[in-house]
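See below for the structure under consideration.
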Amino acid sequence: MCRNIKTLFNFEPPATEDEIQASALQFVRKLSGFNKPSQANEEVFERAVVEVSEAARKLLTSLHTHAPARDREVEAEKARERSRLRFG
């Protein structure tokens, strides 16, 4: 799993378009192995990012849960604490 892709479901406030786009870009980068594609691959790379963004948006709007929405700041603090424990 790509560590830079963050969970976007069940947060208050909900994921923004920028967050969805950024996660799609990271996913396509990971799959393709390109940080920035060559001119020959740029069109298909960008199309893939758009298609993955659309799929992610559909997924996020279709999922349901009974769990209370998570707080972004609380989750960020948990991640920082895990990082401190892991890396010192």
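Rounding to the nearest 0.5 Å gives a distance of 11.0 Å between CZ of Phe11 and CG of Leu60. The OG1 atom of Thr7 sits 5.5 Å away from atom CZ of Arg70, with the distance rounded to the nearest 0.5 Å. Between Asn41 atom CG and Glu46 atom CD the span is 11.5 Å, to the nearest 0.5 Å. Here the straight-line distance linking atom CD of Glu73 with atom NZ of Lys78 works out to 13.0 Å at 0.5 Å rounding.
Using a 4.0 Å cut-off between charged nitrogen and carboxylate oxygen, Glu42 and Arg47 do not count as a salt-bridge pair.
Among all heavy-atom pairs drawn from Ser23 and Leu8, the shortest one is OG-CD1, 3.7 Å. Looking at every heavy atom in both residues, Ile20 comes nearest to Ala15 through CG1-CB, 4.3 Å. Residues Ala67 and Thr65 share a closest heavy-atom pair of N-OG1, 3.1 Å.
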For residues 51-59, which side-chain N or O atoms pair as donor and acceptor with protein atoms under 3.5 Å away, sequence neighbours left out?
{"unit_1": "Ser53", "atom_1": "OG", "unit_2": "Gln21", "atom_2": "OE1", "d": "3.2"}
{"unit_1": "Ser53", "atom_1": "OG", "unit_2": "Val49", "atom_2": "O", "d": "2.9"}
{"unit_1": "Arg57", "atom_1": "NE", "unit_2": "Glu17", "atom_2": "OE1", "d": "3.0"}
{"unit_1": "Arg57", "atom_1": "NE", "unit_2": "Glu17", "atom_2": "OE2", "d": "3.0"}
{"unit_1": "Arg57", "atom_1": "NH2", "unit_2": "Glu17", "atom_2": "OE1", "d": "2.9"}

May I have the step-by-step check of salt bridge (charged side-chain N to carboxylate O under 4.0 Å, His left out) for Glu75 and Arg72, ending in yes or no?
CA-CA 5 Å; Glu75 296 300 318; Arg72 290 179 187 277; over 6 Å; no

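In this structure, Thr61 and Phe9 have side chains that are not in contact, with every pair of non-hydrogen atoms separated by 4.5 Å or more. Looking at Phe45 and Arg29, their side chains come closer than 4.5 Å, going by heavy atoms from C-beta outward.
Follow the hydrophobic side-chain contacts under 4.5 Å out from Phe27 and you reach Phe34 in the same cluster.
For Glu19 (side chain) and Thr16 (main-chain N/O), a donor-acceptor pair under 3.5 Å exists by modelled atom type.
Partners of Glu12 by salt bridge (Lys or Arg N to Asp or Glu O under 4.0 Å), not counting sequence neighbours: none found.
More than 12 heavy atoms of other residues, nucleotides or ligands sit less than 6.0 Å from atom CD of Glu81.
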